[in-house]
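Whatever order the structure lists ligands and atoms in, that order sets their numbers, starting from 1. The figures that follow rest on heavy atoms only: side chains count, while hydrogens, waters and symmetry mates do not.
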Amino acid sequence: MKVLLIGSGGREHAIAWKLSQSILVNKIFCAPGNGGTATEEKCENVNITNNEELLKFAIDNSIDVTVVGPEAPLCEGIVDSFSEKGLKIFGPCAAGAQLEGSKIFSKNFMKKYNINTAAYDTFTHADEAIQYLETCKFPVVLKADGLAAGKGVIIAQDYNEAKIAIEELMISDILRGAGKSVVIEEFLQGVEASILAITDGETIIPFVSSKDHKAIYDGNLGPNTGGMGTLAPNPYCTEKVLQDFKDKIMYPTLQGLQKENIQYKGIIFFGLMITKDNVYLLEYNVRMGDPETQVVLPLMESDFMELIMSTIDGNLSSKTVSFKDEFACCVIAASKGYPGTYEVGKEINIANNSSEKVFIAGGKISNSKLLSSGGRVLGVTALGKSIEEARKNAYVGINNIDFEGIYFRGDIGI
Ligand code: AMP
Ligand code: GLY
């Protein structure tokens, strides 16, 4: 099969690496891909990012299946336009992608289908939102309605902080449209977990759980990032938590989609908060997580391409998904200054690594050299029989890598 894989991050490198291991796959075109996908077996980068050009490429090159990595093309309706032309594509239609594309849609959906989530209200006028703050307990969570590349959630510690954030989002419009409407919700205290699940709209199967480390500094301090490292399985996802998740969140989500007549085929990412006595859904994403994918796929024993095809063809019920009985840890190396401003173009040196896998995120090949090109530059994933072993192996790997200004957390997996 010829595959077109859309995206350019560490997640897409991990997807390309996993799909290249499938006997079903002969060739993977990565659009646009990165310095990691460029050197992966069976892979070739093609410099296309526009949805119409991607459709033309798929037709002209007789692509058998397209796999969409990031959320933006899904929210723009790429699955609908490929499907209209009879092309196979993995991911939800635009109606399904609203679960991530609009926080108001997703919170209202959770409420309608009795899915455990934080109490909230929605606002389209700044003065009403500010007035509402007078009734809130602090901290409070403010969420821009639209896609904001990880910058749309603000945890405000007091009234003044919240008021300023609302003014910035709704009046100054710092997110260029995405913050014109907001959700204000109750702050939940607990530990977070990410669970990806695959669904063909009839059957839904959860993957192994994982734990992201969002803050930039050790001890979960400093501003949030796209994710500085992951561990899987998530040690806080006990049997009881997983059962509650399935009963109170995962199955009600699938039933809700069916009742709304949304034919959802693809991945649903459940962002969870595990509190003292309950499991809450913080958010949906309609694609795989980054860097969750970099620990979930290395643990997956099943053929991912086979699962993707079963999903598109609507026969996922005939499949099981199996994972290694091990732990995986991924440590992200970022450019100095990230998530603020940072420099790119630094040469990346990777010493011989054995058991670890390096997934490139913001890295490109130029004149046969691998150069940094983004905030999160790469991630090193390693497996182990225990959390400690997986962590140790991942840190051996990351210490074998060097580029000017390299920064990584020292406590991923703790
Ligand atoms: P979201 O995009 O909704 O997952 O929010 C991004 C991050 O903000 C989450 O991963 C949490 O760290 C934090 N967050 C979101 N909602 C809440 C909440 N209700 N209580 C506490 N933290 C939250
Ligand atoms: N790591 C969180 C996300 O992919 O949204």
Can a non-hydrogen atom of G289 be found less than 4.0 Å from any atom of ligand 2? yes

One pair to check against side-chain hydrogen bond (donor to acceptor under 3.5 Å, both in side chains): N108 and Y120. What are the steps and the verdict? CA-CA 9 Å; N108 289 345; Y120 73 102; 2.7 Å; yes

Keeping N34 on the side-chain end and A361 on the backbone end, is there a donor-acceptor pair under 3.5 Å? yes

Hey, is the main chain of A382 close enough, under 3.5 Å, to the side chain of N393 for a donor-acceptor pair? no

If I take atom OG from residue S386 and atom CD from residue E326, how far apart are they, to the nearest 0.5 angstrom? 10.0 Å

Suppose I only count heavy atoms of E292 and a 4.0 Å limit; which atoms of ligand 2 are within that range? 1 (N), 2 (C), 4 (O)

Just jot down the ligand 2 atoms closer than 4.0 angstrom to any heavy atom of D212, in number order. 1 (N), 2 (C)

Non-hydrogen atom of G226 closer than 4.0 Å to ligand 2: yes

Sequence neighbours excluded and cut-off under 3.5 Å, please list the side-chain donor-acceptor pairs for residues 234-242, or say none.
from	atom 1	to	atom 2	distance (Å)
N234	OD1	Y236	N	2.8
N234	ND2	E192	O	3.1
N234	ND2	S210	O	3.1
T238	OG1	V241	N	3.2
K240	NZ	D244	OD2	2.7

E161: what forms a side chain to side chain donor-acceptor pair (under 3.5 Å) with it, not counting sequence neighbours? none

Using 30° and 60° as the class boundaries, would you call the ring planes of F138 and Y159 parallel, tilted or perpendicular? perpendicular

Under the rule for side chain to side chain donor-acceptor pair (under 3.5 Å), what residues qualify as partners of K88, not counting sequence neighbours? D313

Under 3.5 Å: N/O of E283 near N/O of ligand 2: no

Would you check ligand 1 and list the protein residues that come within less than 4.0 Å of it by any heavy atom, ordered by chain and number? K103, A118, V141, K143, V153, I155, E185, E186, F187, L188, E192, K214, M273, L282, E283

Should the ring pair F123 and Y132 be called parallel, tilted or perpendicular, given that the plane angle runs from 0 to 90° and is split at 30 and 60? tilted

If you measure from each non-hydrogen atom of N285 to ligand 2, which part falls under 4.0 Å: side chain, backbone, both or neither? side chain

Which of these, R11, K214, R287, has its nearest heavy atom closest to atom 3 (C) of ligand 2? R287

